[in-house]
Amino acid sequence: MKKRVAVYPGSFDPVTFGHLDIIERAAKIFDHVIVSVFVHSAKKHLFAVDERVAMLKKALKGKKNVSVDCFEGLLVDYVRKKKTDVVIRGLRAISDLEYEFQMAAVNRIFYKHIETVFFMPRVRYSYLSSSVVRDIAHFKGDVTKLVPAHVAKAIADRRNK
Ligand code: PNS
């Protein structure tokens with residue numbers, strides 16, 4: 001039987017408990033989930049792509065049907081290369097919908113077979129985003145309830161540099 005493979009793309013700068021919640025849900029439904037960090041060189045990031053990939057790998061260690069990768073260029077090309085047509089995205093609140101709707105629709109123009117599947121994280125993470133984490137970190141706030149311990153440490157190390 002054909003394996004159901006899905007790509008979960010994002011910036012993951014850094015990975016949060018909200019992302020991990022989505023991955024856990026997706027991994028229950030799909031045979032394989034590829035979590036892939038988008039390489040956007042023009043954008044300013046807190047962590048480099050290889051650091052974000054390493055943080056994701058550590059957070060997902062032991063999850064047999066989840067792998068971590070990165071990609072450049074159009075998502076549709078990457079999805080095709082991975083021989084799948086499913087994209088996973090998290091939907092936290094209605095405010096996410098406009099952006100997600102636009103992305104899913106644009107992706108479908110370029111690859112008509114693509115399907116975007118949305119997962120809703122638990123309500124406790126519905127306010128959580130990487131940018132909230134970066135903001136709290138910037139003002140030296142405590143992020144330990146928002147991200148895995150190794151990510152919180154990486155943020156603290158970066159802050160103290
Ligand atoms: O975590 P993010 O920043 O919301 O993720 C956005 C991401 C990386 C999924 C999106 O920007 C993307 O797919 N970029 C790849 C370039 C692309 O295909 N753009 C066209 C879709 S609008």
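Numbering of residues begins at 1 and proceeds along the displayed sequence. In listed order, ligands and their atoms are each counted from 1. Only a predicted model underlies this, so the values are computations on that prediction, with no experimental measurement involved.
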Classify the contact between Asn107 and ligand 1 as side chain, backbone, both or neither, using a heavy-atom distance cut-off of under 4.0 Å. side chain

Please identify which atoms of ligand 1 are closer than 4.0 Å to at least one heavy atom of Gly73. 15 (C), 16 (C)

What's the shortest heavy-atom distance between Pro9 and Val87, and which atoms? CD-CG1, 3.8 Å

Can you tell which part of Arg89 has a heavy atom less than 4.0 Å from ligand 1: side chain, backbone, both or neither? side chain

For atom 8 (C) of ligand 1, closest protein heavy-atom neighbour: Phe38 CB, 3.4 Å

Closest heavy-atom contact between Thr84 and Val7? CG2-CG2, 3.9 Å

As a check for students: among Gln102, Glu100, Met103, identify the option with a heavy atom nearest to atom 12 (C) of ligand 1. Met103

Under 4.0 Å from a heavy atom of Tyr99: which atoms of ligand 1 are those, numbered in the order shown and with their elements? 4 (O), 6 (C)

Taking every heavy atom of Arg52 against every heavy atom of Phe38, the minimum-distance pair comes out as NH1-O, 3.9 Å

Are the aromatic ring centres of Phe47 and His45 under 6.0 angstrom apart? no

Flag Leu75 as yes when one of its N or O atoms lies below 3.5 Å from any N or O atom of ligand 1, and as no otherwise. yes

Do any heavy atoms of Phe110 fall under 4.0 Å from ligand 1? no

Nearest candidate to atom 3 (O) of ligand 1, where distance is taken over non-hydrogen atoms, out of Ser129, Pro9, Ser131, Ser11: Ser11

Within the distance-only criterion (no hydrogens, no angle test), does the side chain of Asp21 pair as donor or acceptor with the backbone N or O of Phe17 below 3.5 angstrom? no

